[in-house]
Amino acid sequence: MARRPLPRILSSSSASITRSREIARTAADSATDVLHPLITISRGLRKLAAGGRQKWASLPKERRGPALFLAAACVLVVALIPYGPLLALIAVMAAAAWKGRERVPVQTGPDEAETGRLQSLYEALVPYFSVPEDPAPLFAHGGEWDKAFSDYAFDEDGRISTLHVKYPAYFTDGEADSRARIEQLLHAKSGRGREYHFAWDEEGNQLVMSVLPALSTSIAAQPFVTTPGETVLGFTDAGAVQRTMPVTDGEETFDAPPVVWRTGARSTEPHLLVVGEPGSGTTSLLRSIALQTLRYGDVLIVEGSGTGEYACLTGRSGVLAVECGLAGALATLEWAAHETERRLISANRARQAGHPAPEDTRRPLWILLDRPSIFGHLAAADGRTDPQQLLQVPLRHGRAANVTVVVAEQFDTLDTLSDPVRQHTRARVVLGPASPEQVETVLGAPPHTTPTAAVPPGRGYARLGTGPVLRLQVPATPDPYDDATSEAHRQAVLDLLPQRQAPLDSAPVEAVPAEG
């Protein structure tokens with residue numbers, strides 16, 4: 001049996017209904033746009049009326065009569081003054097429009113994605129901040145994260161940038177391993193590739209994690225505002241030190257927080273040890289120290305690598321010698337040892353006679369050694385004295401004789417350093433990528449930040465004596481004779497180099513017998 005086709009009116013009803021709905025929706029939107037001011041004023045009048053009724057209801061009965069009298073007097077005054085009713089109507093409409101305007105709601109809490117991140121981080125901390133014996137655990141699976149995280153912030157990418165964690169009092173925050181586990185977890189869950197700072201408050205059972213901004217790598221070598229005996233190792237975070245100094249970055253001048261190392265007779269850290277990997281910036285730091293020292297002192301440079309990184313300093317005023325060979329290094333360090341003894345004897349005789357110390361004993365002498373372990377291997381193969389043994393006198397008595405020793409070495413040959421070098425270099429710097437264990441081995445204390453895998457040259461940590469571990473960025477001080485150096489940095493180093501001096505017939509590398 002063949003099916004009859006549906007009547008035309010029934011087959012086209014759905015299309016007609018759809019068009020009718022679209023027409024009605026368009027008409028409603030148009031009416032809303034046209035009547036939007038009237039809707040806003042009506043909404044404002046309702047809010048004003050509701051506020052008036054609430055105010056009248058909260059008014060005591062004994063004050064309602066005077067309030068009505070005052071309102072009637074105001075209405076009478078408005079009615080009598082010229083254009084009073086019109087102005088009153090305009091004022092009421094303006095107040096209603098302001099009161100009835102649509103306000104964009106202000107977000108006061110995290111959105112759905114941010115809440116998910118906080119809840120995930122809370123669940124990850126449960127095994128570390130809870131025990132089965134706790135009757136009311138602060139951290140529990142399925143618990144409320146807002147009770148443990150009192151403050152938080154997110155960056156533009158939606159990753160956590162600041163987190164304030166409250167943990168139970170029974171957590172072993174006094175143990176380094178326990179703190180390291182929490183820091184490693186927060187680092188992994190909050191996003192890798194950034195450097196985090198962890199501030200533990202053991203007394204208040206609180207931990208503050210914050211993301212540190214990257215240190216500027218564009219600050220080049222320049223005449224820093226320092227006094228004799230002060231050396232700028234680099235720059236650190238704002239607030240980490242109590243001092244700032246003006247620096248120039250291109251055409252911009254601003255204040256930056258420096259890491260200042262003080263040397264001299266009253267220094268508690270008279271000598272410096274710099275450790276890093278190849279290409280980490282240890283040579284740039286020694287070159288920066290030499291350029292700063294030459295303004296008021298003399299410099300001896302012993303380069304073990306023999307790559308000519310200090311050739312720009314050869315023959316300059318104040319540079320006593322730049323040695324790259326074993327024989328020259330031994331002769332230079334032997335002269336430095338006898339010079340230290342001579343200064344001590346001269347200063348002692350002057351004090352006994354009641355005179356000030358001679359001028360030649362007060363001028364600072366700096367001994368810079370880059371990779372002395374290479375000379376140690378060569379000396380052992382040749383049956384000669386290890387150059388590090390000649391550093392015992394300058395290291396032990398250098399502070400009284402105004403002699404400062406700076407040693408730069410790499411991690412893989414760190415065990416070849418002699419005991420005097422390890423004991424008397426109380427100022428330490430670690431540059432380049434290094435694990436927290438390596439940093440702690442050199443500095444004697446772990447860093448309070450999580451180092452990143454890739455760091456620019458000259459980036460690392462510094463610790464002066466028993467002070468805190470500071471982030472450090474060494475000012476760019478490249479070899480000006482290197483073709484890969486930018487023109488701006490090359491010119492900055494050339495401007496700091498002293499004038500060349502006339503060649504001497506004999507260099508101060510011969511052993512001078514001590515007086516007395």
Side-chain angles (χ1 to χ4, degrees), residues 174-180 183-184 187 195-200 212 215 231-237 239-243 257-263 267-286 288-289 368-373 388 391 395 399 404-453 455-475:
E175 299 178 2
D177 294 339
S178 300
R179 295 197 303 268
E183 294 176 1
Q184 183 180 6
H187 178 205
E195 195 163 2
Y196 297 86
H197 178 267
F198 297 95
W200 290 86
L212 295 174
L215 297 177
T231 304
V232 176
L233 300 180
F235 297 90
T236 184
D237 300 299
V241 293
Q242 299 179 354
R243 175 179 176 180
V259 179
V260 178
W261 173 39
R262 295 175 176 84
T263 57
S267 173
T268 57
E269 303 87 22
H271 309 294
L272 175 68
L273 174 63
V274 183
V275 182
E277 297 290 350
S280 60
T282 56
T283 301
S284 296
L285 177 56
L286 264 64
S288 173
I289 292 175
L368 308 182
L369 286 88
D370 196 350
R371 299 294 307 279
S373 60
Q388 295 188 51
L391 291 176
L395 286 171
R399 178 169 52 183
T404 303
V405 179
V406 180
V407 179
E409 196 52 79
Q410 296 183 2
F411 278 109
D412 54 355
T413 55
L414 191 60
D415 56 346
T416 62
L417 294 178
S418 62
D419 291 338
V421 173
R422 296 173 178 270
Q423 294 174 3
H424 295 282
T425 52
R426 292 173 48 82
R428 303 286 181 89
V429 172
V430 175
L431 297 179
S435 63
E437 292 76 15
Q438 289 177 317
V439 176
E440 185 176 4
T441 300
V442 177
L443 302 184
H448 294 287
T449 62
T450 55
T452 56
V455 295
R459 176 68 176 82
Y461 298 93
R463 190 187 187 201
L464 305 178
T466 58
V469 178
L470 303 174
R471 289 205 307 166
L472 179 71
Q473 179 63 51
V474 176

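Quick note: residue numbers are just sequence positions, from 1. If you're wondering where the values come from, they're calculated on a predicted model, not measured in any experiment.
- Between the side chain of Arg399 and the backbone N or O of Ser267, at least one donor-acceptor pair lies under 3.5 Å.
- The main-chain N or O of Gly432 is never found under 3.5 Å from a side-chain atom of Glu277 such that the two would form a donor-acceptor pair.
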Go through the steps to decide whether Thr449 and Tyr461 satisfy the test side-chain contact (heavy atoms from CB on, under 4.5 Å), and finish with yes or no.
CA-CA 10 Å; Thr449 62; Tyr461 298 93; 2.8 Å; yes
Applying side-chain contact (heavy atoms from CB on, under 4.5 Å) to Thr441 and Val275, what does each step give before you reach the verdict?
CA-CA 11 Å; Thr441 300; Val275 182; over 6 Å; no
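- Heavy-atom minimum distance, Val260 versus Leu464: O-CD1, 3.3 Å.
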Working note: Ser373 + Glu409, criterion side chain to side chain donor-acceptor pair (under 3.5 Å); need CA distance, chi angles, decisive distance, verdict.
CA-CA 8 Å; Ser373 60; Glu409 196 52 79; 3.0 Å; yes
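- Side-chain N or O atoms of Glu269 include none that pairs as donor or acceptor with a backbone N or O of Arg463 at under 3.5 Å.
- Between Leu233 and Pro475, the shortest heavy-atom contact is O-CD, 3.7 Å.
- Arg471 contributes no side-chain N or O that, together with a main-chain N or O of Asp237, makes up a donor-acceptor pair within less than 3.5 Å.
- Shown here for Val259 and Ala462, the closest heavy-atom pair between the two residues is CG1-CB, 4.3 Å.
- In this structure, the separation between CG on Leu212 and OG1 on Thr450 is 8.0 Å, given to the nearest 0.5 Å.
- In this structure, the side chains of Pro468 and His448 stay at 4.5 Å or more apart for every pair of heavy atoms.
- Of all the heavy atoms in Arg422 and Asp415, the pair that sits closest is NH2-CA, 3.1 Å.
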If you apply the rule side-chain contact (heavy atoms from CB on, under 4.5 Å), what do you find for Trp261 with Val429, and how did you get there?
CA-CA 11 Å; Trp261 173 39; Val429 172; over 6 Å; no
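- From Leu272, atom CG reaches atom NE2 of His424 across 15.0 Å, with rounding to the nearest 0.5 Å.
- For the atom pair Leu215 CG and Arg459 CZ, the distance stands at 5.0 Å (nearest 0.5 Å).
- Listed for the His271 side chain is a donor-acceptor partner under 3.5 Å among the backbone atoms of Leu395.
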Could you walk me through whether Val430 and Gln438 satisfy the side-chain contact (heavy atoms from CB on, under 4.5 Å) test, starting with their C-alpha distance in whole Å, then the side-chain angles of each, then the deciding distance to 0.1 Å, before giving a yes or no?
CA-CA 9 Å; Val430 175; Gln438 289 177 317; over 6 Å; no
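- Nearest approach of Leu286 to Leu369, heavy atoms of both residues: CD2-O, 3.9 Å.
- Within the 4.5 Å cutoff, the side chain of Gln410 has heavy atoms near those of the Pro278 side chain.
- Residues Phe411 and Ala434 approach most closely at CZ-CB, 4.0 Å, considering heavy atoms.
- Taking OG1 from Thr231 and CZ from Arg262, the interatomic distance works out to 10.5 Å, rounded to the nearest 0.5 Å.
- Contact of the Leu391 side chain with the Pro420 side chain is not registered, since no non-hydrogen atoms from C-beta on lie closer than 4.5 Å.
- Considering CG of Leu285 and CG of Leu472, their distance stands at 7.0 Å, rounded to 0.5 Å.
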